[in-house]
Amino acid sequence: MAMKITVIGLGYLGATHAVAMAKVGHQVIGIEPNQQKLESLSQGKAGFFEPGLDEALAEQIALGRIEFKAQHDESSREADIHFICVGTPQTPGSLAADTSYLESAIKGLAPYLREDALVAGKSTVPVGTAVRLTELLAEATGFSSPNLAWNPEFLREGTALEDSLRPDRLVVGVTNPRSEELLRAVFAPMIASGIPFLVTDLATAELVKAAANAFLATKISFINAMAEIAEVSGADASQLATAIGYDERIGNKFLRNGVGFGGGCLPKDIRALMARAEELGVGQSVAYLKEIDNINLRRRDRVIHLLTQELGSLKDKKVLILGAAFKPDSDDVRDSPALAIALLAQTAGANVVVHDPVALHGVSLKHPELPVEQALHKAFDSADAVVLATEWKEYRELDPTTVSVANKLIIDGRNVLDVAKWQRAGFRVLALGKTITN
Ligand code: UDX
């Protein structure tokens, strides 16, 4: 049955969740205080690159199932569930997550909250946050025990809408039967389609997300650590991953070695987990995550090492970085390994040029010091070396005979190139995690 809901905070998570909820038939009010974002959303544009999302958003607006507002008004009082989807970025100068947007969201909602309605947090938070927010909500509303639940979201950029509509599982942390009942109702079509629905306490639901991301980061850094060993022993880390991945207990997913993980989640979430565990007096339990982070960051240095080894000094050498987004099918450049490599090369004196099919706008905003080039073939012109840092399809499928590079050197930072094809075109190919005989 269609329910009235609000979705507070319309970034990646919120915009996708709002559209997904509208698509399953609910009546959605999206709350987004940023005027520019609000205007864009109201015109059917999410404001970031996510395949299929703008089309679905425009469709739901046209159907009248979704509307956007800068702040709550009386119509929010009609909603049964308020999903909080605001960001929890890394605090500058600390490993911990900044939860101040959550507190603002709670305060903004409180005057319009019905006592029998539910506040469901979806943001990734340090374990213990939900209890603190419940207290804040009780204070702000005067309700003795407000309904607050936690419902972590596991969507991946690039497949966000699909992940929201057909998640591997739904996890809800609740403190009373009413909250569970409302969440079962809002997710009814998904539950009916067989998606596992797990009911837990608040702390477990909060921790599920941190644990899942820590595990994924660990898998990637594990294979990248093996890549470090492969590089000095003549082994091939990609073949190693394939071979160990056949063991079902290990599995072959998230074992692609290369320049490592980035984005708005994995790096920040492992750091926030370390900070929270430290606060709780169990820092040692996840102290290993520091090494997971270090292995990941060392992969960026490895690319600079290879460039320097091949070119001598990087001073005044033109280095083309293919990719700026932290992964393909996204325009998100937060904590992007590609940009970190570009900045390291620039610091070493190289004339860096960055290409990306969709993310260059973000590069110019965040790093105006990095020169960008939109035309792929032009970007190659007289480059001394090329680094493939994000595995966009157009790079994987590029015909090497159509590009001119002064020094014919390419470093495959994602292990996706057809090495023989590039070699036939006269390129020397280097890759992470293996030794290629050119
Ligand atoms: C991640 C989680 O997957 C998702 O469940 C959570 O909700 C948010 O964080 P996302 O940040 O969109 O999603 O990206 P993901 O696909 O997990 O990739 C993260 C990074 O790891 C990317 O930089 C990617 O290039 C890298 N990666 C991924 C590898 O280096 N090797 C792999 O094998 C897989």
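Atom set for the values below is all heavy atoms of this structure, side chains included, hydrogens, waters and symmetry mates excluded. Both counts, for ligands and for their atoms, begin at 1 and track the order of listing.
- Remark: the Lys318 side chain and the Asn351 side chain contain no N/O donor-acceptor pair separated by less than 3.5 Å.
- Remark: distances from the non-hydrogen atoms of Lys219 to ligand 1 are all 4.0 Å or more.
- Taking CG of Asn224 as the reference point, atom CD of Glu231 lies at 8.5 Å (rounded to 0.5 Å).
- Nearest non-hydrogen protein atom to atom 20 (C) of ligand 1 is Phe261 CB, 3.5 Å.
- Side-chain contact between Tyr12 and Leu53 is absent, with no heavy-atom pair separated by less than 4.5 Å.
- For the pair Glu391 and ligand 1, the shortest N or O to N or O distance does not fall below 3.5 Å.
- With salt bridges taken as basic N to acidic carboxylate O contacts below 4.0 Å, none links Lys268 and Asp335.
- Using a non-hydrogen distance threshold of 4.0 Å, Lys253 does not register as a contact of ligand 1.
- Polar contact check, Leu255 against ligand 1: a nitrogen or oxygen pair lies under 3.5 Å apart.
- For ligand 1, one of its N or O atoms has an N or O atom of Phe154 under 3.5 Å away.
- Protein heavy atom closest to atom 29 (C) of ligand 1, with residue, atom name and distance, is Ile220 CD1, 3.6 Å.
- Considering only non-hydrogen protein atoms, atom 2 (C) of ligand 1 sits nearest to Asn213 OD1, 3.6 Å.
- Ring centroids of His355 and Tyr395 are separated by less than 6.0 Å, placing the two rings close together.
- Of the protein's heavy atoms, Arg156 CG, 3.4 Å lies nearest to atom 3 (O) of ligand 1.
- Within a 6.0 Å radius of OH in Tyr288, other residues, nucleotides and ligands contribute more than 12 heavy atoms.
- Between His17 and Phe83, the ring planes lie perpendicular to each other; the angle is over 60°, past the 30° to 60° tilted range.
- The single protein non-hydrogen atom nearest to atom 9 (O) of ligand 1 is Cys265 CB, 3.1 Å, given as residue, atom name and distance.
- Looking at heavy atoms from C-beta onward, Ile410 lies in side-chain contact with Trp422 at the 4.5 angstrom threshold.
- Using a 4.0 angstrom heavy-atom cutoff, Gly260 counts as in contact with ligand 1.
- For the residue pair His377/Thr402, the side-chain donor-acceptor check at 3.5 Å is satisfied.
- Taking 4.0 Å as the cut-off between side-chain N and carboxylate O, Arg334 and Glu157 count as a salt-bridged pair.
- Looking at Leu216 next to ligand 1, no N or O pair under 3.5 Å apart turns up.
- Within ligand 1, counting atoms from 1 as listed, the ones closer than 4.0 Å to a heavy atom of Leu266 are 1 (C), 9 (O), 19 (C).
- Considering only non-hydrogen protein atoms, atom 17 (O) of ligand 1 sits nearest to Phe254 CZ, 3.1 Å.
- Closest heavy-atom approach to atom 10 (P) of ligand 1 among the candidates Arg256, Arg299, Lys327: Lys327.
- Listed by number with element, the atoms of ligand 1 under 4.0 angstrom from any heavy atom of Glu157 are 12 (O).
- Remark: Arg184 engages Glu180 in a salt bridge, criterion side-chain N to carboxylate O under 4.0 Å.
- Protein heavy atom at the shortest distance from atom 25 (O) of ligand 1 is Arg414 NH1, 3.0 Å.
- Below 4.0 Å from some heavy atom of Glu153 lie the following atoms of ligand 1, by number and element: 7 (O).
- Salt-bridge check for Glu59 with Lys23: passed, with a basic side-chain N closer than 4.0 Å to an acidic carboxylate O.
- Closest protein heavy atom to atom 6 (C) of ligand 1: Leu155 O, 3.4 Å.
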